[in-house]
Amino acid sequence: MEAAPHLFSRARPGRAAPFLPMSRAEMDRLGWDACDIIVVTGDAYIAHPSFGMAIIGRLLEAQGFRVGIIAQPDWHSAEPFRVLGKPRLFFGVTGGNMDSMVNRYTSDRRLRHNDNYSPGGEGGKRPDRCSIVYAQRCREAYRDVPIVLGGIEASLRRIAHYDYWSDKVRRSILADAKADILLYGNAERAVVEVAHRAAAGDRLSEIDDIRGVAVMKPSVPEGYLELHADDVDSADEGARLVKERAVVRLPACEQVMEDKLAYARASRVLHRESNPGNARGLVQRHADRELWLTPPPIPLTTPEMDAVYELPYARNPHPSYGDAKIPAWEMIRSSVTIMRGCFGGCSFCSITEHEGRIIQSRSEASVLREIGTIRDKTKGFAGVISDVGGPTANMYRMACKDPKIEAACRKPSCVYPGICPNLNTSHDALIGLYRKARALPGIKKVMVASGVRYALAVESPEYVEELVTHHVGGYLKIAPEHTEEGPLSKMMKPGIGTYDRFKEMFDAAAKKAGKKYFLIPYFIAAHPGTTDRDMMELALWLKKNGFKADQVQTFLASPMASATAMYHTGYNPLRGVSRASAEHVSSPTGLRQRRLHKAFLRWHDPDNWPVLREALKAMGRSDLIGPGKHQLVPAHQPPGTGVKKTGPSQRFMTKGVFPRKR
């Protein structure tokens, strides 16, 4: 992997604005006649490093640019997009910390009435597919101002992708938004370079040599060797493994719209070309243009990560929100991000597609300084750090033992089907960080709320004991996701035996510490590869172990995930995909079956008993109906239960969002 210039090598330190301006009055107070860059976001503006717009805004400010924020504008006209005037360089458009469709709809395609990223938790503050809508309004406001797309919504929709809410394959969001350039992944390096190039007068739509960007081109430049997706697996084994001046041609947008095998093949290639050490560029035809994607960005070094997270964030919502509570802010106000990335490779998760599988960690000193800042400057701080973690709780400072092996690897996971022998699984650095954090003056408790990868945790009994003794508050949530091998193999998750080993260690540590702590396992219903019998076995396991879930998760086919490709195509992109050989995967796609799988997770709810009885009879398992401990649901129905009422929150939306019919 080539070295990258230090992220702050061109920084121009100056006076930081208290908050990046959201109004002309604030610009006047700063003495600005115009902004260089205006970031338009679907989230409320919270000046905290847990929010993308805050990081990008402060990073660009540190480079010497004047940055303004337009947060959750009224999208019904272009006027709100003119509130800060015309930006000198470009509009940066992001949907926010979540894909706007995931934010607005449930896995059953029902409208959510709340939004954790809005003042008061109020829903409806952003449109569907808000990156596209915002880009269109920016273009209407100032037709000649370039538009840069970024954030997770753009990142996960950078190629032609299956869209669960419309049940069809959509073009790259870059084509639909008609933006000039798209930045994907953790885009600090790219956005800094794009900003400096824009300031130098470069046309953003022609920048094709920065890592982590996508642009539309009329054709592939001369001198590039094209590797076709059909042959790329075999090409990796021979002399055609070329990095310089080579691109992999994905099946065209129009082809993946019509051909599900081609879609599965494109998904497989995209994920195989995700390692910054060996990834090649990608190209995908969209009508008469080529979508050109450069290789993924070089991960940030520890000093760069430290500098990003120690920029002068106000660490509060913008004052214009007054006393309104923003749920996402309330949740993270006393938490600390210590790392990025995930090498778990779970097929249903978008972390790897967005942040990559190489762990980027902050230094211990930087983390401790931030905890001190929270202690000293957070209003109402009571001495409890709510979380130290990131995408996972316990991958801090973990990496491949050999950088050369890491740079050449194309495996989607370092821990499935087993932990790679080349992976350093030591928890020593994390244990040391925990101990120093809780020893800081004024710190009463340091909680760990991020997801613990228990398959890694069992490798370190010392870590489990440290976690349980000092960093758990009553219960710990972990995610085995299922008990049966069929769905687990499609999720790329370890067998339930690993959970059992972790539970034994957890319980033993709790007993030793004299604590009554509990594990709360999370499971997914209706994941690709899951049968009705799989869900029945999971329900029996839940009852046997005394778990009664109040909230359950039904599989949501998020853009670009491998499991989404399984759901849409019926093929498994985790294995080779060709006309001659492709593994078929069945998915619960119908609304009736998805609700049945969800009902199995809530086996204890009397409202679910009628549908469960019907299913058990159809499966030839009437023996599970009755009052016995080994039986799943009783034969009798309590009065007033078993009939679901349909209210406004349970009706499906009618504007292009319908239950899937097959």
Side-chain angles (χ1 to χ4, degrees), residues 16-30 32 35 37-61 66-77 79-85 87 91-100 102-104 112-127 130-131 133-134 137-138 151-153 309 311-337 370 373-374 376-382 386-387:
F19 284 86
L20 300 178
M22 290 181 64
S23 67
R24 281 282 195 170
E26 291 172 88
M27 290 172 60
D28 291 342
R29 287 195 291 271
L30 293 169
W32 297 5
C35 293
I37 298 159
I38 295 175
V39 177
V40 183
T41 174
D43 293 341
Y45 172 30
I46 302 172
H48 185 281
S50 290
F51 298 87
M53 97 291 284
I55 287 181
I56 295 302
R58 285 299 190 195
L59 176 63
L60 290 171
E61 180 189 55
R66 295 177 173 182
V67 184
I69 302 282
I70 299 178
Q72 298 186 320
D74 182 347
W75 64 92
H76 294 95
S77 75
E79 196 56 36
F81 295 77
R82 299 188 182 104
V83 66
L84 300 181
F91 278 110
V93 173
T94 173
N97 272 27
M98 292 178 65
D99 180 278
S100 61
V102 176
N103 179 280
R104 285 190 31 96
R112 300 184 196 272
H113 294 284
N114 66 310
D115 181 345
N116 287 338
Y117 294 89
S118 296
E122 181 183 354
K125 302 288 283 186
R126 73 187 83 206
C130 70
S131 293
V133 177
Y134 289 167
R137 292 292 181 260
C138 288
I152 196 165
E153 181 163 270
Y309 281 89
L311 287 166
Y313 304 101
R315 307 189 70 87
N316 279 294
H318 190 272
S320 62
Y321 301 121
D323 294 330
K325 292 188 180 298
I326 303 173
W329 156 244
E330 298 295 327
M331 182 176 68
I332 61 85
R333 63 190 304 174
S334 61
S335 68
V336 181
T337 299
E370 183 171 354
T373 299
I374 294 171
D376 299 338
K377 296 185 178 181
T378 301
K379 184 179 180 180
F381 180 67
S386 61
D387 185 32

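The shown structure was predicted, so the numbers you read here are calculated from the model rather than taken from an experiment.
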Can you see which heavy atom on [X] is nearest to which on [Y], and at what distance?
X: P119; Y: A44; result: CD-CB, 3.9 Å
X: P80; Y: V83; result: O-CG1, 3.3 Å
X: I152; Y: G96; result: CG2-O, 3.8 Å
X: M22; Y: Y321; result: CE-OH, 3.8 Å
X: T94; Y: G151; result: OG1-CA, 3.6 Å
X: R315; Y: I374; result: NH2-CG1, 3.4 Å

Is there a donor-acceptor contact under 3.5 Å linking the side chains of Q72 and T41?
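Checked: Q72/T41 side chains show no N/O donor-acceptor pair below 3.5 Å.
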Donor + acceptor pair across side chains of T373, E370 (<3.5 Å):
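Side chains of T373 and E370: no pair found under 3.5 Å.
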Under the side chain to side chain donor-acceptor pair (under 3.5 Å) rule, collect the residues that match up with E330, sequence neighbours excluded.
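Partners of E330 under the side chain to side chain donor-acceptor pair (under 3.5 Å) test: R333.
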Any chance you could lay out the side-chain contact (heavy atoms from CB on, under 4.5 Å) test for M331 and S386, step after step, and finish with the verdict?
CA-CA 8 Å; M331 182 176 68; S386 61; over 6 Å; no
Checking the side chain of [X] only, and the main-chain atoms of [Y] only, is there a donor and an acceptor separated by less than 3.5 Å?
X: Y45; Y: S320; answer: no
X: R126; Y: G42; answer: yes
X: N97; Y: Y117; answer: no
X: E153; Y: S100; answer: yes
X: S131; Y: G95; answer: yes

Can you tell me how far apart [atom1] ([X]) and [atom2] ([Y]) are? Round to the nearest 0.5 Å.
X: S23; Y: D28; atom1: OG; atom2: CG; answer: 8.0 Å
X: N316; Y: I326; atom1: CG; atom2: CD1; answer: 10.0 Å
X: D43; Y: S118; atom1: CG; atom2: OG; answer: 7.5 Å
X: C138; Y: R82; atom1: SG; atom2: CZ; answer: 10.5 Å
X: W75; Y: K125; atom1: CH2; atom2: NZ; answer: 8.5 Å
X: M27; Y: R66; atom1: CE; atom2: CZ; answer: 8.5 Å

Taking the six-membered ring where the residue is Trp, are the ring centres of Y313 and H48 under 6.0 Å apart?
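That pair fails the under 6.0 Å test.
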Considering residues at least two apart in sequence or located in another chain, which fulfil the salt bridge (charged side-chain N to carboxylate O under 4.0 Å, His left out) criterion with E61?
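With neighbours one apart ignored, the set is R58.
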Any side-chain heavy atom of [X] sitting closer than 4.5 Å to one from [Y]?
X: F81; Y: Y134; result: yes
X: V40; Y: P73; result: yes
X: D387; Y: V336; result: no
X: S50; Y: T337; result: yes
X: P87; Y: I37; result: no

Test M53 against I46 for side-chain contact (heavy atoms from CB on, under 4.5 Å), laying out the working first.
CA-CA 8 Å; M53 97 291 284; I46 302 172; 5.5 Å; no
Candidate pair S334 and F381, rule side-chain contact (heavy atoms from CB on, under 4.5 Å), full reasoning
CA-CA 8 Å; S334 61; F381 180 67; 4.2 Å; yes
The test is side-chain contact (heavy atoms from CB on, under 4.5 Å); show your working for R104 and M98 and say whether it passes.
CA-CA 10 Å; R104 285 190 31 96; M98 292 178 65; over 6 Å; no
So among I70, V67, V93, L20, which one has a side-chain contact (heavy atoms from CB on, under 4.5 Å) with I38?
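Checked I70, V67, V93, L20 against I38; only one passes side-chain contact (heavy atoms from CB on, under 4.5 Å): I70.
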